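In this text, all values refer to a predicted model and were calculated from it rather than measured experimentally. Chain letters run A, B, ... following the sequence lines, proteins first and then strands; every chain starts at 1.
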2 protein chains.
Amino acid sequence: MMILMPANSPTSLDDEVEIRPPDSRDKILEVAEGLFAYGGYSGVGMRQLAAMVGLSKSALFHHFPTKIDLYEAVLDRVLVRIEHGLNGAAIHEGDPVAQLDAWVDAVVCTLAEDAPAGRLMMRALVDEEPFPAISLGVGANGAEPDRELMIFEVRLAGIVERFGGLLERGIAEGVFRAVPTGDAILNVVGTLVFYFASGDLGEALVGESIFSHSAVSRRRREVSQFIRGGLLA
Amino acid sequence: MMILMPANSPTSLDDEVEIRPPDSRDKILEVAEGLFAYGGYSGVGMRQLAAMVGLSKSALFHHFPTKIDLYEAVLDRVLVRIEHGLNGAAIHEGDPVAQLDAWVDAVVCTLAEDAPAGRLMMRALVDEEPFPAISLGVGANGAEPDRELMIFEVRLAGIVERFGGLLERGIAEGVFRAVPTGDAILNVVGTLVFYFASGDLGEALVGESIFSHSAVSRRRREVSQFIRGGLLA
DNA sequence: GTCTATACGATGATAGAC
DNA sequence: GTCTATCATCGTATAGAC
């Protein structure tokens, strides 16, 4: 389990002491991620969470003033991991097809590394009131969004936008089929995330844990072929 | 909104009087479907539901002894619609490619007809403790499942099995790529369902309501092409 | 930062009268 | 079938001591 720094935090070495008190907050987020993934937002109780993390209920409310704040922090942490995986991959090298492969593989590998992430992402994507930031271009124009945007939403909008750009370049070069990017993005996201959110259903279908080594390496091949087949000209 | 009969109910004409008291139970299911789709299982209160349907809370508990019973009934009703859509389509005529097209289109059309269905299905698929019935072959052998199966799960297992059979026939005939059926099923289900579960995110990406007439007719084309590309040899 | 104590509303569910 | 009344429990949040 890697330790990640927020993408926008200024990196200075002597902050180390202050930045990482490897303490309660991280443990809360870790446990909460599993619980939210399992039971959804409404299915998790702060009492229950506090007990599992070994803290008092009120100590928990000290770290996260409200339940939704905790939820946002958990979601954002997962997205930071995905962003990190994308940044570490060669998604800007080679032709659009190679970039697509790198993109897909990076997401698959990140979701394969911690089990709750896929389910959590799928829940967040399905839950209502998500992500108008995408249609706004994330602050590209001066129009204020009609409600407070979650950090999580802005981060997701950035990722989706980068993928949309890749799609458009591939279409312009003629290597991808000329498809509406909206539908294509939904196809790819659905395919990528659903496998890792499918839990027991997925296990019943593939015949072993969807997170086992062999299942994941098979998945990397299969999802890449499926998406290439669906997108390439 | 069509009136459907359970697939296994004996069809006799004079049952009509008894079968359809077009009454409270249906109204409860209708409202509950919307609520569960919007807020998930834990996010819906029986008080709230009773108020919206115009009943007392205890009257509600008379129709459905427990909340989970209601939830199962709602899920099953959606699956019955999907089953009905599949039965009405030409999924047994022509070569496997034609059957695949009929299959995909039938599911898309059913999910397009009532908005909560897709979101509800995605939630149910992501929720834990689903569907070991699939690996058991739905009563094909004598082994008892280790817990009570929901009607809903058995019905889903049947649908998934039929699709798995179609995949295997297509692979045997050489018209589909030789892929592991488990991964392929998850790819198709994820692609099919996620679009109709994506709500505001989907709307932001496709530029209009995902249930609008133009969006749905575009979707029928796009998802068919995407899945064909991903599966065909 | 962490704890105990307390409060309030809402929840799922039950019992019994009409 | 539908209602009112009631129950214990939960989620959420606050206040204040250590």
Using atom [atom1] of [X] as one end and atom [atom2] of [N] as the other, report the distance to the nearest whole Å.
X: B:Asp69; N: C:dT14; atom1: CG; atom2: P; result: 11 Å
X: B:Leu60; N: D:dC3; atom1: CG; atom2: C1'; result: 13 Å
X: A:Tyr71; N: D:dT12; atom1: OH; atom2: P; result: 13 Å
X: B:Tyr41; N: D:dC10; atom1: OH; atom2: P; result: 15 Å
X: B:Met46; N: C:dT14; atom1: CE; atom2: P; result: 11 Å
X: B:Leu49; N: C:dG12; atom1: CG; atom2: C1'; result: 13 Å
X: A:Leu70; N: D:dG11; atom1: CG; atom2: P; result: 14 Å
X: A:Arg47; N: C:dT4; atom1: CZ; atom2: P; result: 13 Å

Rounded distance [0.5 Å steps], CZ in A:Phe36 versus OH in A:Tyr41: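 Between atom CZ of A:Phe36 and atom OH of A:Tyr41 there are 6.5 Å.
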
Can you tell which of [options] lies closest to the side chain of [X]?
X: B:His62; options: D:dC3, D:dG1, C:dC3; answer: D:dG1
X: B:Ser24; options: C:dG12, D:dT2, D:dT4; answer: D:dT2
X: B:Phe61; options: D:dT12, D:dT2, C:dG12; answer: C:dG12
X: A:Ala59; options: D:dG1, D:dG11, C:dC3; answer: C:dC3

Charged N to carboxylate O under 4.0 angstrom, [X] versus [Y]?
X: B:Arg77; Y: B:Glu30; result: yes
X: A:Asp105; Y: A:Arg219; result: no
X: A:Arg119; Y: A:Glu33; result: no

Counting only side-chain N and O atoms of B:Ser42, is one of them less than 4.0 Å from OP1 or OP2 of C:dG12? no

Check this one for me: any side-chain N or O of A:His63 less than 4.0 Å away from OP1 or OP2 of C:dT2?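 Yes, within the criterion.
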
Most 5' of A:Gly43 and B:Leu55 on DNA chain D, judged by nearest nucleotide: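 Its nucleotide being nearer the 5' end, the pick is B:Leu55.
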
Should the side chain of A:Ser58 and the base of C:dA5 be counted as holding a donor-acceptor pair, with the cut-off at 3.5 Å?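 Yes, the side chain and the base share a sub-3.5 Å donor-acceptor pair.
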
Take a 6.0 Å sphere around CZ of B:Arg218 and say whether it holds more than 12 heavy atoms from other residues, nucleotides or ligands.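 Enclosed: over 12 neighbouring heavy atoms sit under 6.0 Å from CZ of B:Arg218.
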
With a non-hydrogen cut-off below 4.0 angstrom, is A:Lys57 in contact with a base, only sugar-phosphate, or nothing? base

